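Hydrogens, waters and symmetry mates are skipped; everything else that's a heavy atom, side chains included, is used. Proteins get letters first, then strands, A, B, ... in listed order; numbering begins at 1 in each. Note that the coordinates shown come from a computational prediction; the quantities given were computed from them, not determined experimentally.
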Amino acid sequence: MLELQEIIRTVMIIILSTVVLALFGIFFGLLYKGIDRKISAHMQGRIGPPIRQPFRDVGKLFTKENIIPENAVPWVFNLAPLIGLVGTISILLYLPIGGFRPLASVEGEIIFGDLILVLYLLMIPSLALVIGGFASGSPYATIGAQREMATMIAYEFPLAIIIITIAWKLGSIAAGGLGVENAFTLTAITANPVWNAVGPLGFIGLILLLLVLIIVTPAELSKIPFDAPEAETEIGGGLLVEYSGRNLAMFYLTDAVKTVVMASIIVALFFPYNLSPLLGLESIPAYILDFIFFLIKILIIIVFSVSLIRVSVARLKIDQIVYTYWVPLTLIALVGLICIMWDGTMMESYGWPKIVEIFGLI
Amino acid sequence: MIEIQDFLRTLGTNSGFWNPLVWGIIIVIALLIAYIIRGRGKKEYKKQTEQTKVFLSGNPELEKEEMHIKASNVYWGFMESFKWLYTGLEKMHTGNVSDYILWFVVVIGIFFIILGVI
């Protein structure tokens, strides 16, 4: 009977976590969207909309007609936005949000998913967009969907290099790593910041990987300069051209939640630090402080990887997007990987100190 | 009785974890939430009117065959950005078996040299 009780308890935790995180993702996703729009407007010398504008946008879309084009495949056309939002919400469960352990790892011992799973789940919202685009029955949407597919193929390569490098560095013992067990799980990654495992050369490598991940983020979110699949001025919104009303609102919410997801992944991989241990706080004050600190970290990442880039750069053509990811960014990621690989050799053979020892942090 | 470990760790290697059952529960709940949110939106639209016609920036809608976008367009970005590579590869792609065997021998030779040096 005990086992059955445990199963029921675990299922209840998962159900509650899903509800809480869905609301968290949607609320903060829209809030950050508002902040991003405000900051972008100020950078362009405009006043910009109020921060609550995305909430109003969603409200407005819910009052608009939900048009299904006559060329569309109705059930796929309606289902795609739902799949996008559902897939994105499910990723939140596997990420350490607000300084807590991933909620889909009950008690921190039993793990339900790892970083590789997150990498696959990240494809769901993009695939939902592609499916919705193809189901629209519009040439603009078809072109947009094809571009989205090409963009996905392009950015997955450098993204995979980053994730594998970090997990390999943490998991290995020979290459100066920390010998962390289950290095692909986000619980292990956040508990053992990767900066603690590297020397000077590895530090450079990690900076390069962070730079690549920051440039992968706008493509994941279909933001300028990697928004060729939507390209309003060219193909009238691309894969979203035929969407309106509540279906468009679903994609709008998906985009908002995915922004939080991407920023949370960067926080988990590169900035998993909390303030509470530094200030010696425990229990509820520690949770509140860490949660606020997490929100600030997310905001800083969104400003750097979304707002700053989309304001300062123009849209790239699809061939330029492919080239950017497959040549310069893959090469930078590989250089980062090699730096981290040699870093271990330098530490082992020549006794190079770790970066935390140089700064006296350990 | 199902063992708790069987339920909680359905698939696991030494480094990877993936529990489809738990993901399934998450998906069902998230689908319910998304469906409730979607249900708050307006459902109606005017069927068989101008608004259900495909948006083509004011251009006339042609026959389906004429408006079809080829699936090979997916690769256009790759073909365009790696034109220099494909041009070289196309020249090598002669369709002559002797040429392919020659390439095979050359590549094997290079591998042997590399392995010999290392």
Side-chain angles (χ1 to χ4, degrees), chain A residues 3-4 6-7 10-11 14-15 18-19 22 26 61-71 81-82 85-86 89-90 93 104 106 110-114 116-117 137-140 142-143 146-147 149-150 154 171 182-185 236 241-242 245-246 249-250 253 318-323 326, chain B residues 1-5 7-10 12 14-19 21-23 25-35 37-49 51-57 61-62 64 67-83:
Chain A
E3 282 134 357
L4 188 68
E6 269 189 66
I7 289 173
T10 309
V11 171
I14 291 165
I15 292 172
T18 313
V19 175
I26 291 170
L61 285 171
F62 279 145
T63 64
K64 296 280 181 186
E65 287 176 311
N66 184 43
I67 301 163
I68 300 165
E70 55 191 41
N71 290 348
L82 272 177
L85 185 59
V86 168
I89 289 172
S90 77
L93 270 287
V106 180
I110 305 153
I111 303 151
F112 296 140
D114 56 10
I116 302 291
L117 174 66
S138 156
Y140 288 164
T142 308
I143 291 173
Q146 291 183 338
R147 287 182 182 181
M149 283 171 76
N182 306 331
F184 273 106
T185 60
V241 67
E242 295 297 337
R246 61 183 188 175
M250 288 288 110
L253 291 177
I318 190 68
D319 58 311
Q320 292 168 327
I321 292 176
V322 169
Y323 186 82
W326 271 25
Chain B
M1 179 63 72
I2 311 165
E3 289 290 319
I4 186 84
Q5 287 302 320
F7 172 74
L8 295 175
R9 193 185 285 183
T10 318
N14 284 331
S15 57
F17 298 92
W18 157 228
N19 191 319
L21 198 62
V22 168
W23 187 72
I25 298 169
I26 295 169
I27 285 296
V28 169
I29 303 301
L31 192 65
L32 206 66
I33 296 166
Y35 196 74
I37 295 171
R38 187 175 178 273
R40 294 188 59 80
K42 195 174 174 179
K43 194 183 168 188
E44 301 79 29
Y45 69 102
K46 299 176 197 76
K47 289 177 184 173
Q48 305 298 323
T49 58
Q51 68 171 196
T52 60
K53 293 239 182 316
V54 66
F55 173 75
L56 291 168
S57 311
E61 191 180 349
L62 306 171
K64 296 278 180 291
M67 289 192 7
H68 182 69
I69 311 284
K70 285 181 186 170
S72 58
N73 272 16
V74 174
Y75 307 107
W76 184 85
F78 295 93
M79 301 299 281
E80 186 67 17
S81 54
F82 294 102
K83 207 183 263 174

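Between chain B and the residues Thr63(A), Leu85(A), Ile68(A), the largest count of heavy-atom pairs under 4.5 Å involves Ile68(A). Of the listed residues (Val19(A), Ile15(A), Ile116(A)), the greatest number of heavy-atom pairs within a distance under 4.5 Å of chain B belongs to Ile15(A). In terms of heavy-atom pairs under 4.5 angstrom with chain B, the leader among Pro81(A), Pro139(A), Gly245(A), Ser138(A) is Pro139(A).
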Report the C-alpha distance between Lys53(B) and Glu70(A) in whole Å, list the side-chain angles of each, state the deciding distance to 0.1 Å, and finish with yes or no for side chain to side chain contact (heavy atoms under 4.5 Å, CB included). CA-CA 6 Å; Lys53(B) 293 239 182 316; Glu70(A) 55 191 41; 4.0 Å; yes
If you apply the rule side chain to side chain contact (heavy atoms under 4.5 Å, CB included), what do you find for Ile37(B) with Phe62(A), and how did you get there? CA-CA 9 Å; Ile37(B) 295 171; Phe62(A) 279 145; 3.7 Å; yes
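Contact annotation for Lys47(B): neither backbone nor side-chain heavy atoms come within less than 4.5 Å of a heavy atom of chain A. For Tyr35(B), the parts lying under 4.5 angstrom from a heavy atom of chain A are both the backbone and the side chain. Contacts of Ile33(B) with chain A are made by side-chain atoms alone, with heavy-atom separations under 4.5 Å and no backbone atom involved. Contacts of Leu253(A) with chain B are made by side-chain atoms alone, with heavy-atom separations under 4.5 Å and no backbone atom involved. Neither the backbone nor the side chain of Lys83(B) comes within contact range of chain A, judged by heavy atoms closer than 4.5 Å. Residue Leu32(B) does not touch chain A at all, counting heavy-atom pairs closer than 4.5 Å. Heavy atoms of Ile67(A) lying under 4.5 Å from chain B belong to its backbone as well as its side chain. Heavy atoms closer than 4.5 Å to chain A are found in both the backbone and the side chain of Gln51(B). Looking at Tyr140(A), the atoms closer than 4.5 Å to chain B (heavy atoms on both sides) all sit in the side chain, from C-beta outward. Interface residue Ala22(A): only side-chain heavy atoms are found under 4.5 Å from chain B.
Counting heavy atoms from C-beta on, the side chains of Pro69(A) and Val54(B) never come closer than 4.5 Å. Counting only heavy atoms from C-beta outward, the side chains of Arg246(A) and Lys43(B) approach each other to under 4.5 Å. Thr142(A) has its side chain out of reach of Asn73(B): every pair of non-hydrogen atoms, C-beta onward, lies at least 4.5 Å apart.
For the atom pair NZ (Lys42(B)) and NZ (Lys64(A)), the distance works out to 9.0 Å, reported to the nearest 0.5 Å. Here the straight-line distance linking atom CD1 of Ile318(A) with atom CH2 of Trp76(B) works out to 9.0 Å at 0.5 Å rounding.
Within a 6.0 Å sphere centred on CZ of Phe78(B), heavy atoms belonging to other residues, nucleotides or ligands number more than 12.
In this structure, the side chain of Glu242(A) engages the main chain of Phe55(B) through a donor-acceptor pair within 3.5 Å.
Across all non-hydrogen atoms, the minimal contact from Ala34(B) to Leu82(A) is CB-CD2, 3.6 Å. Contact record, Ala150(A) with Val74(B): CB-O, 3.9 Å, taken as the closest heavy-atom pair.
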